[in-house]
Each structure stands twice: as C-alpha cells, then as structure tokens.
Amino acid sequence: MLETPPFTAGLVTAVKMLEDFKTKYPEVSYADLYQMASAVGIEVCGGPAIPMKYGRIDCPAPEGCPDEGNLP
C-alpha cells in the first residue's frame with residue numbers, strides 16, 4: 001500500500017465525494033474538478049471567491065506527473 005504524507009490526511013475522503021459528480025459530468029477533467037472543489041471549499045469557509053478558468057486537461061499517464069512532493 002502506498003503511504004500518504006500527513007499533509008494529505010482526509011484527501012481520499014474528499015476525492016471519493018467528487019466521484020458522483022465526475023460520473024455525471026465526464027467531460028469535466030479531474031484537474032478542473034479538483035480546482036473547482038478547492039475554490040468552492042475556500043469560499044464556503046468564509047474565504048474569498050476565487051475566479052476560475054476552466055479547460056485544464058488531465059495527465060494521461062503517471063509518468064507525466066511530477067514526483068510526490070514536487071508539484072510546480
């Protein structure tokens with residue numbers, strides 16, 4: 001089993017909650033879906049509204065993703 005870093009605690013639960021939306025709207029990329037969920041979550045918790053730009057594409061294979069902990 002892949003060990004997850006402590007700063008991602010609870011992320012699996014949040015990702016699972018988005019799967020119904022992704023199934024209903026398969027044309028929305030995971031990249032856009034996660035960004036939208038993050039922006040909405042910040043606003044719901046009293047933070048600022050974050051303007052969104054849609055059109056991100058998902059990485060087609062794990063080899064194209066940055067190493068864990070090395071996001072740009």
Side-chain angles (χ1 to χ4, degrees):
M1 182 172 180
L2 190 63
E3 197 169 317
T4 57
F7 57 82
T8 62
L11 190 57
V12 171
T13 302
V15 168
K16 285 180 182 178
M17 291 174 71
L18 296 172
E19 283 304 313
D20 285 341
F21 185 93
K22 178 63 175 162
T23 300
K24 188 172 181 178
Y25 301 100
E27 66 277 6
V28 176
S29 68
Y30 277 108
D32 277 345
L33 180 58
Y34 296 158
Q35 174 62 30
M36 180 185 64
S38 299
V40 169
I42 289 168
E43 188 173 353
V44 166
C45 288
I50 298 173
M52 289 288 303
K53 291 184 180 179
Y54 297 95
R56 293 167 183 79
I57 57 171
D58 294 328
C59 184
E63 296 78 31
C65 296
D67 292 333
E68 185 69 43
N70 254 352
L71 290 175

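Because the structure is a prediction, the values reported are computed rather than measured.
- The salt bridge (charged side-chain N to carboxylate O under 4.0 Å, His left out) pairs that include a residue from residues 7-22 number zero, where partners must be two or more places apart or lie in different chains.
- Connection of Tyr30 to Ile50 is not established within any shared hydrophobic cluster, with ILVMFWY side chains joined at heavy-atom distances below 4.5 Å, either directly or through further cluster members.
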Run the side-chain donor-acceptor check on residues 31-44: report pairs under 3.5 Å with partners two or more places apart or on a different chain.
{"residue": "Asp32", "atom": "OD1", "partner": "Arg56", "partner atom": "N", "Å": "3.2"}
{"residue": "Asp32", "atom": "OD1", "partner": "Arg56", "partner atom": "NH1", "Å": "2.9"}
{"residue": "Asp32", "atom": "OD2", "partner": "Gly55", "partner atom": "N", "Å": "2.8"}
{"residue": "Asp32", "atom": "OD2", "partner": "Arg56", "partner atom": "N", "Å": "3.4"}
{"residue": "Ser38", "atom": "OG", "partner": "Tyr34", "partner atom": "O", "Å": "2.8"}

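- Taking Tyr54 as the reference, nothing meets the side chain to side chain donor-acceptor pair (under 3.5 Å) condition, with sequence neighbours excluded.
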Could you walk me through whether Ser29 and Ile57 pass side chain to side chain contact (heavy atoms under 4.5 Å, CB included), step by step? CA-CA 6 Å; Ser29 68; Ile57 57 171; 5.7 Å; no
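- The structure places OG1 of Thr13 at 11.0 Å from CG of Leu18, a figure rounded to the nearest 0.5 Å.
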